[in-house]
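Protein chains get the first letters and strands the later ones, always in sequence-line order, with residue 1 at the start of each. Because only heavy atoms are used, hydrogens play no part in the values below, and waters and symmetry mates are left out as well, while side chains stay in.
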2 protein chains.
Amino acid sequence: MTKAHGFHQHDHAACISDALTTAEAYCAARKLQFTPVRRRTLEVLLAHHRTMGAYEVLGHLDASGFGAQPPVAYRALDFLVKHGFAHKVEAMNAYVACSHSGAQHVPAFLICRQCSTVQEAQIEPMQNGLGDAANDAGFAIERAVVEAQGLCPSCQQSAPE
Amino acid sequence: MTKAHGFHQHDHAACISDALTTAEAYCAARKLQFTPVRRRTLEVLLAHHRTMGAYEVLGHLDASGFGAQPPVAYRALDFLVKHGFAHKVEAMNAYVACSHSGAQHVPAFLICRQCSTVQEAQIEPMQNGLGDAANDAGFAIERAVVEAQGLCPSCQQSAPE
DNA sequence: GAATTATATGTAATGATATAACATATCAAG
DNA sequence: CTTGATATGTTATATCATTACATATAATTC
Ligand SMILES: [Zn+2]
Ligand SMILES: [Zn+2]
Ligand SMILES: [Zn+2]
Ligand SMILES: [Zn+2]
């Protein structure tokens, strides 16, 4: 089975299973608790393979027998984001599974304003001009949010404006 | 009078008056309506010289005799953002007056996680690796959000952790 | 300059996103 | 087994943002 991954197709089943295996191994190595609700949250993000709001994720967790209140989703999502298994897309207040699981990276997103599809890209940490600005200011960067908004290939055709 | 601007001091009164003059001229040239509520909103952002939530801005507008309901602030802020007089810091759901008023630019922010001070920097649009990723994907970038989170110079001393 | 259209403002109601606080349960270490 | 740390569940509340609609002002057309 294939499914859209960003703007292309790919083997979705393998993609899910790889990401779960990677997360499991990462947690085992660091003695992090990859608990059922955290695992299920990652599964939900991976299965949908697009950005999801916390309440949408929560609906799936509730349906799977976990708690039904917002902190259930927010805590699991915070765990996944903290350890790099998922990212928060700040411009959408939404979450997405990481497409480069395992690799340490600065995530960057291409967000289509028409169809809301999001593709994760990788950028060079200090090669974006921001590093220079931070050095000049004496600012110590810990995390970077890089999000581009525009039109994806297919939406450029349907809305050529 | 001087006031913190990002991480340094500067002549704040001149900074406010320059930005208002620039906005006024820009609007006059394009026949945009720089109405009292829009002007006051920019004044409020400029006077505080830091990020402000929409409801905090709304409080000042209400106190100045404008409407007291959220759309009053959101509409004025949207106008300012649309025309480049202010920016939204997505990672904080907050707004800040532009520090480079008049110049067309891709805004980038250095956000201190401890004191919440935000400094605006400028980056080269297509020189940040994101341009390459977008070209590869056939994605047409219209707008970019670039926000670095970390510790500002003074907070590095007080929290050297 | 009156009629028409577009733009802007004010308000009420609601929706969407996120956290604080606290009780209970489970896990890790001594 | 006891203790302390971590994780989960629930209630309530805080914070951010929009829809819908009425009224007012500005720009355009005749
Ligand atoms: Zn990633
Ligand atoms: Zn699209
Ligand atoms: Zn700016
Ligand atoms: Zn600081």
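- Using a 4.0 Å cut-off between charged side-chain N and carboxylate O, R38(A) and E43(A) make no salt bridge.
- For Y26(B) and F85(B), the ring centers are positioned less than 6.0 Å apart.
- Dashed line: the shortest gap from a side-chain N or O of K31(B) to OP1 or OP2 of dA6(C) is not under 4.0 Å.
- Annotation: of the two residues near DNA chain D, P71(B) and F66(A), the 5′-most nearest-nucleotide partner is F66(A).
- Each of dA13(C), dT10(D), dG10(C) was ranked by its minimum atom distance to the side chain of Q69(A); first place goes to dT10(D).
- For P70(A), whose side chain is taken as the heavy atoms from C-beta onward, the closest listed nucleotide among dG10(C), dA12(D), dC16(D) is dA12(D).
- One finds a side-chain N or O of N93(B) lying less than 4.0 angstrom from the OP1 or OP2 phosphate oxygen of dA17(D).
- An OP1 or OP2 oxygen of dA8(C) is reached within less than 4.0 angstrom by a side-chain nitrogen or oxygen of R38(B).
- If you take CD of E90(A) and C1' of dA16(C), they are 16 Å apart, rounded to a whole angstrom.
- Rounding to whole angstrom units, CG of residue L77(B) and C1' of dC16(D) are separated by 12 Å.
- Cation-pi contact between R39(B) and F34(B): absent, since separation from the ring centre below 6.0 Å together with deviation from the ring axis within 45° is not met.
- H105(B) and H87(B) have perpendicular rings, their planes meeting at more than 60° on a 0 to 90° scale where under 30° would count as parallel.
- At whole-Å resolution of the value, CE in M52(B) and C1' in dT15(D) are 15 Å apart.
- Atom CG of L61(B) and atom P of dA8(C) are 16 Å apart (whole Å).
- Looking at which nucleotide of DNA chain D each of F79(A) and G67(A) is closest to, the 5′-most match is held by F79(A).
- As rounded to whole Å, 11 Å separates atom P of dG10(C) from atom CG of L58(B).
- Rounded to an integer number of Å, the gap from CG of D78(B) to P of dT19(D) is 11 Å.
- If you take CZ of F34(A) and C1' of dA7(D), they are 15 Å apart, rounded to a whole angstrom.
- Ring-to-base geometry places Y55(B) in a stacked arrangement with dC16(D) (centre distance under 5.5 Å, plane angle under 30°).
- Distances shown here put every side-chain N or O of Q33(A) at or beyond 4.0 Å from the OP1 or OP2 atom of dT6(D).
- Rounded to a whole Å, the CZ atom of R30(A) is 17 Å from the P atom of dT6(D).
- Contact between the side-chain N/O atoms of T35(A) and the OP1/OP2 oxygens of dT26(C) is not found at any separation under 4.0 Å.
- Of the two residues contacting DNA chain C, namely R75(A) and P36(B), the nearest-nucleotide position lying further toward the 5' end is that of P36(B).
- Checking side-chain atoms of H100(A) against main-chain N and O of Q122(A) turns up no donor-acceptor pair under 3.5 Å.
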